[in-house]
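Throughout, protein chains are lettered first and strands after them, A, B, ... in sequence-line order, and every chain is numbered starting at 1. Because the structure is predicted, anything quoted here is derived from the model rather than measured.
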Protein chains: 2
Amino acid sequence: MANIEHFRAFVLAAELGSFSAAARQMGKAQSAVSTAIANLEIDADVQLFDRSGRNPVLTAAGAALLPNARGILLGNQEFLARATSMSQGVEGHLCMAIEQGISIKPLLDLLRAFTSTFAHVSLEIVTPDPTDMAALLKQGRAELGLMIEQEGYPTGFQFRGVGYSRTVPVTAHDHPLATLAQVRHADLRKYRELVPQSRQSAETARTDRRKSPSVWYAENPMLVLELVAQGFGWAELPYSIIADRLRTGDLAQLNYAFQQSDILQGVDAVWTEQRALGVAGQWMLNKLLELPQDVWREGEQVA
Amino acid sequence: MANIEHFRAFVLAAELGSFSAAARQMGKAQSAVSTAIANLEIDADVQLFDRSGRNPVLTAAGAALLPNARGILLGNQEFLARATSMSQGVEGHLCMAIEQGISIKPLLDLLRAFTSTFAHVSLEIVTPDPTDMAALLKQGRAELGLMIEQEGYPTGFQFRGVGYSRTVPVTAHDHPLATLAQVRHADLRKYRELVPQSRQSAETARTDRRKSPSVWYAENPMLVLELVAQGFGWAELPYSIIADRLRTGDLAQLNYAFQQSDILQGVDAVWTEQRALGVAGQWMLNKLLELPQDVWREGEQVA
DNA sequence: AGTTTATATCTGAATTACAGATAGATGGAT
DNA sequence: ATCCATCTATCTGTAATTCAGATATAAACT
């Protein structure tokens with residue numbers, strides 16, 4: 001049956017323009033290459049080389065099939081490479097859960113480095129609702145999480161701060177709050193607050209008492225963004241997802257009277273104790289911890 | 001050595017969750033599958049299945065490598081499929097030369113149909129200067145050409161009209177010509193004409209005496225477009241490449257007093273007699289000839 | 001416990017792959 | 001024109017492999 005080496009013979013012969021040369025390079029007899037290619041031609045029912053001359057010359061069919069043969073060879077190489085990578089304890093897949101609203105821009109260089117360091121590890125990034133984060137990690141769906149820091153994590157979870165995410169209060173540009181030079185608590189309470197969280201997680205979790213009595217919840221920050229843009233109320237949203245619309249004047253940033261308007265929320269890397277991180281996951285975690293703080297302030301013009 | 005069938009055994013076993021079932025489906029003995037996979041594991045130096053239970057279960061490594069194995073199988077399938085396609089006289093590659101300025105929009109459906117009818121034929125589209133077209137076809141670099149019709153073609157070329165391309169005279173929106181309700185020859189002669197052709201081809205070829213005494217030539221229509229937009233003069237350009245900029249008001253269409261401003265130039269399919277078209281090329285030519293005329297009037301609001 | 005169905009392993013047979021040798025052919029050098 | 005080096009196809013016998021069948025054993029199910 002078709003053997004990988006036979007494809008190698010084909011490709012080498014095509015590249016070198018000689019069966020003998022290919023045989024020498026493969027450390028085999030010339031006859032081996034000759035019959036291997038002949039068999040390939042029988043199996044495929046095409047002439048791969050024109051043998052009328054002293055040296056074989058690729059036919060049109062051979063030239064067209066050469067990339068395919070190379071593809072098979074590459075596939076085999078990758079199979080082996082990935083296998084040895086895994087036999088050395090490197091996992092084949094790493095899933096990172098990055099909470100919605102945390103920008104991946106600060107991570108782009110890191111991800112680039114990952115692809116070159118762990119070429120054989122496929123990377124998956126999921127962006128769950130904060131509520132789902134724990135489940136994802138617990139059931140092993142994701143190995144490593146990035147989320148806005150909480151007061152406490154359930155037992156079994158490890159966490160370390162790795163950076164921060166800037167959250168900014170905004171409204172639509174034509175919202176009454178946008179006209180105020182200083183926004184006081186009393187002003188906020190007059191209008192609807194839009195919270196990028198599911199209701200249930202917001203009620204159980206964290207520190208924050210909402211600032212307004214009228215609150216809408218939406219699971220998806222982008223949804224909240226849309227609602228804010230449509231004038232439904234105000235929200236505190238990650239800078240990364242509103243930067244563009246602040247620039248276009250679509251949205252307006254509020255200026256809090258009672259505190260710094262820019263709210264810096266810590267970003268934690270989270271993982272479970274039970275599931276040991278693989279080599280690639282470990283690497284990713286270390287690089288996250290080493291990340292210089294200034295990569296987190298993107299497009300910065302802090303108010 | 002690693003045999004394609006062994007990878008198939010791996011994939012089938014993984015899919016069916018059973019070596020025996022895989023063996024049955026392959027028409028082989030169970031022991032063959034068992035040893036094939038065992039050998040794969042030795043070669044790759046990884047455990048692919050966890051055999052502690054009654055049925056083998058993929059390990060993490062096995063799951064990670066499964067897509068790779070599938071890739072190899074697919075590669076092999078494609079190799080064979082393409083080979084049989086070619087053994088039936090279908091060429092492996094078709095190169096079409098489409099003259100710069102002819103829009104490919106009317107052809108999109110046709111190209112889509114091509115990809116499904118000739119899945120194993122790779123398609124290449126080059127967009128040469130009209131001057132280069134003949135050379136490309138003659139030397140076999142391209143099998144089929146689409147170009148603006150000429151009065152005569154060199155011997156050895158076949159040609160058939162397949163459609164038309166709309167050419168429209170334009171200037172920048174703030175060009176003096178743009179203010180005229182009717183543009184006469186005398187007006188045109190006052191300003192620089194920009195011709196999307198190399199000087200040499202324009203001098204040797206065709207009917208057209210340029211309308212203005214001051215002429216600039218540029219090989220690339222997009223370059224001409226830029227020059228026109230910058231106010232360097234006026235040009236007759238294919239509607240397809242200026243449609244957007246007409247819409248944004250960046251460019252303005254001129255209204256000829258002496259003829260229809262919209263100049264419909266025929267598009268010819270051109271090929272050489274010597275190089276017989278393959279099955280796919282023949283198909284493409286036939287479909288081009290059958291193309292209903294109305295696909296050629298795109299975004300039409302004819303003046 | 002008994003039955004069924006699974007996998008690993010062993011053995012011998014059949015197939016296949018290969019090295020080495022041979023013959024014919026080609027292209028370049030003399 | 002002749003010779004030489006080198007190419008490829010093919011033949012032959014041997015070595016390696018692949019595989020089916022048989023056997024042992026383990027797991028799930030009745």
Side-chain angles (χ1 to χ4, degrees), chain A residues 1-59 61-63 65-66 69 72-73 76 79-80, chain B residues 1-59 61-63 65-66 69 72-73 76 79-80:
Chain A
M1 275 301 116
N3 189 314
I4 299 281
E5 288 291 286
H6 298 159
F7 288 105
R8 205 157 79 89
F10 168 40
V11 171
L12 271 176
E15 282 170 352
L16 300 172
S18 154
F19 291 1
S20 309
R24 282 192 292 272
Q25 193 151 330
M26 295 173 71
K28 296 196 170 181
Q30 170 260 324
S31 61
V33 172
S34 183
T35 54
I37 292 177
N39 287 334
L40 226 51
E41 289 179 320
I42 291 168
D43 288 348
D45 193 27
V46 265
Q47 195 90 356
L48 296 175
F49 289 95
D50 171 17
R51 291 151 164 98
S52 64
R54 170 182 167 85
N55 281 345
V57 176
L58 273 180
T59 61
L65 289 171
L66 187 56
I72 294 173
L73 251 45
N76 187 57
F79 184 93
L80 257 23
Chain B
M1 272 302 116
N3 189 314
I4 299 279
E5 287 292 284
H6 297 158
F7 288 104
R8 203 157 82 88
F10 168 40
V11 171
L12 271 175
E15 282 170 354
L16 299 172
S18 155
F19 291 2
S20 310
R24 281 192 292 274
Q25 192 151 332
M26 295 173 71
K28 297 196 170 182
Q30 169 261 324
S31 61
V33 172
S34 182
T35 54
I37 292 178
N39 286 335
L40 226 52
E41 288 178 319
I42 292 168
D43 288 349
D45 193 26
V46 264
Q47 194 91 355
L48 296 175
F49 288 96
D50 172 17
R51 294 158 164 91
S52 63
R54 169 184 168 85
N55 282 345
V57 176
L58 272 180
T59 61
L65 289 172
L66 187 56
I72 294 172
L73 251 47
N76 188 56
F79 183 93
L80 258 22

Problem - His6(A) side chain near dC18(C) phosphate (N/O to OP1/OP2, under 4.0 Å) - result: yes

Exercise for the section: Taking only the side-chain heavy atoms of Arg54(B) (C-beta and beyond), determine which of dA8(C), dC7(D), dA27(D) contains the nearest atom. Expected result: dA27(D)

Exercise for the section: Please report, rounded to the nearest Å, how far the P atom of dA9(D) is from the CD atom of Gln47(A). Expected result: 9 Å

Practice task
Starting at atom CD of Glu5(A), determine the distance to atom C1' of dT16(C), rounded to an integer number of angstrom.
Solution key: 15 Å

Handout entry: Contact nearer the 5' end of DNA chain C, comparing Ser52(A) with Ala29(A)
Key = Ala29(A)

Fill in the blank from the handout: Tested for side chain to side chain contact (heavy atoms under 4.5 Å, CB included) against Val11(A), the lone hit among Leu73(A), Leu16(A), Ile72(A) is Leu73(A)

Handout entry: NZ/NE/NH1/NH2 to OD/OE distance under 4.0 Å, Glu41(A) and Arg51(A)
Key = yes

Practice task
Grab the CG-P distance between Asn3(B) and dA16(D) for me, whole Å please.
Solution key: 19 Å

Practice task
Return the 5'-most residue of the pair Thr35(B), Asn55(A) with respect to DNA chain D, ranking by each residue's nearest nucleotide.
Solution key: Asn55(A)

Completion exercise
note: Asn39(A), atom CG; dA9(D), atom C1'; distance rounded to Å ~ 13 Å

Practice task
Please tell me if the side chains of Asn3(B) and Asn3(A) come closer than 4.5 Å, counting only heavy atoms from C-beta onward.
Solution key: no

Practice task
Specify the separation, in whole Å, of atom CG of Asp50(B) and atom C1' of dA27(D).
Solution key: 13 Å

Practice task
Compare the minimum distances between each of dA9(D), dT9(C), dA19(C) and the side chain of Phe19(A), then state the nucleotide with the smallest one.
Solution key: dA9(D)

Fill in the blank from the handout: Between CD of Gln30(B) and C1' of dC10(C) the distance, given in whole Å, is 13 Å

Practice task
Could you state the atom-to-atom distance from CZ of Arg51(A) to P of dG24(C) in whole Å?
Solution key: 19 Å

Handout entry: Inter-residue atom distance Asn55(B).CG - Asp50(B).CG, 0.5 Å rounding
Key = 11.0 Å

Exercise for the section: Please determine if a side-chain N or O atom of Ser34(A) lies less than 4.0 Å away from the OP1 or OP2 oxygen of dA9(D). Expected result: yes

Exercise for the section: Using a cut-off of strictly less than 4.0 Å, decide whether Ser20(B) has a side-chain nitrogen or oxygen near OP1 or OP2 of dT5(C). Expected result: no

